[in-house]
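Report on the following structure.
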Amino acid sequence: MSLQTAANLVMQMAYNNKDMLSMGLIVAGWDKYDGPAVWAVPMGGSLLKVPYAIGGSGSTYISGYCDAYFKENMQKEECMVRSLWPLYH
């Protein structure tokens, strides 16, 4: 099963139960068809392919940081530094 298919199944479950759910979901991983991918399923059950996804109670605080520092194709070392910096400050 491709990651996109899995994301579609999650989206359909979220959409079919939108009146009973109050959450957003993140489906991320790697498959042999498309490589790495991140899919966001916000409340209401839409499906968005995104470069990264943030969720949880502190997500509003970290969103600006990610908007400012995220770059496509970051090297592993830079990604680690950028990911850990907010935890230390």
Side-chain angles (χ1 to χ4, degrees):
M1 173 186 309
S2 73
L3 186 59
Q4 184 175 2
T5 301
N8 259 299
L9 291 171
V10 168
M11 180 268 302
Q12 288 179 8
M13 286 187 286
Y15 181 78
N16 291 336
N17 295 287
K18 66 181 178 254
D19 296 330
M20 295 181 284
L21 298 175
S22 179
M23 64 182 178
L25 300 163
I26 299 169
V27 180
W30 185 94
D31 69 40
K32 64 182 178 181
Y33 307 105
D34 298 316
V38 179
W39 296 87
V41 182
M43 287 193 309
S46 59
L47 182 62
L48 308 165
K49 187 173 185 181
V50 293
Y52 63 89
I54 304 166
S57 60
S59 62
T60 54
Y61 297 104
I62 201 71
S63 292
Y65 178 82
C66 291
D67 287 342
Y69 291 107
F70 174 80
K71 296 184 294 191
E72 292 283 341
N73 301 315
M74 272 194 281
Q75 296 297 315
K76 180 180 178 180
E77 294 76 23
E78 182 181 8
C79 185
M80 294 295 290
V81 169
R82 297 284 185 207
S83 297
L84 294 174
W85 188 88
L87 299 175
Y88 295 119
H89 292 85

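Positions are given from 1, in the same order as the sequence printed here. Because the structure is predicted, anything quoted here is derived from the model rather than measured.
Pairs of residues two or more places apart, or lying in two chains, never qualify as salt bridge (Lys or Arg N to Asp or Glu O under 4.0 Å) while including a residue from residues 24-46. Identified under the ring-ring contact (aromatic ring centres under 6.0 Å, His included) test for residues 4-35, with sequence neighbours left out: none.
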**OP:** Take Arg82 and Lys71 through the side-chain contact (heavy atoms from CB on, under 4.5 Å) test and state the conclusion after the steps.
**Re:** CA-CA 10 Å; Arg82 297 284 185 207; Lys71 296 184 294 191; 5.5 Å; no

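Contact record, Pro86 with Ser83: CD-O, 3.5 Å, taken as the closest heavy-atom pair. Shown here for Leu21 and Ala14, the closest heavy-atom pair between the two residues is CD1-CA, 3.9 Å.
With sequence neighbours excluded, no residue forms a side-chain contact (heavy atoms from CB on, under 4.5 Å) with Asn73. Applying the ring-ring contact (aromatic ring centres under 6.0 Å, His included) test to Tyr69 and every residue at least two apart in sequence or in another chain returns Tyr65. By the side-chain contact (heavy atoms from CB on, under 4.5 Å) test, Lys76 pairs with Met80, sequence neighbours left out.
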For residues 40-61, which side-chain N or O atoms pair as donor and acceptor with protein atoms under 3.5 Å away, sequence neighbours left out?
residue: Tyr52; atom: OH; partner: Asp67; partner atom: N; Å: 3.4
residue: Tyr52; atom: OH; partner: Asp67; partner atom: OD1; Å: 2.7
residue: Ser59; atom: OG; partner: Gly56; partner atom: O; Å: 2.8

Donor-acceptor list for residues 1-10 side chains, cut-off 3.5 Å, not counting sequence neighbours:
residue: Ser2; atom: OG; partner: Thr5; partner atom: N; Å: 3.0
residue: Ser2; atom: OG; partner: Thr5; partner atom: OG1; Å: 2.8
residue: Asn8; atom: ND2; partner: Gln4; partner atom: O; Å: 3.4

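Going from atom CG of Leu87 over to atom CD1 of Ile62 covers 7.5 Å, rounded to the nearest 0.5 Å.
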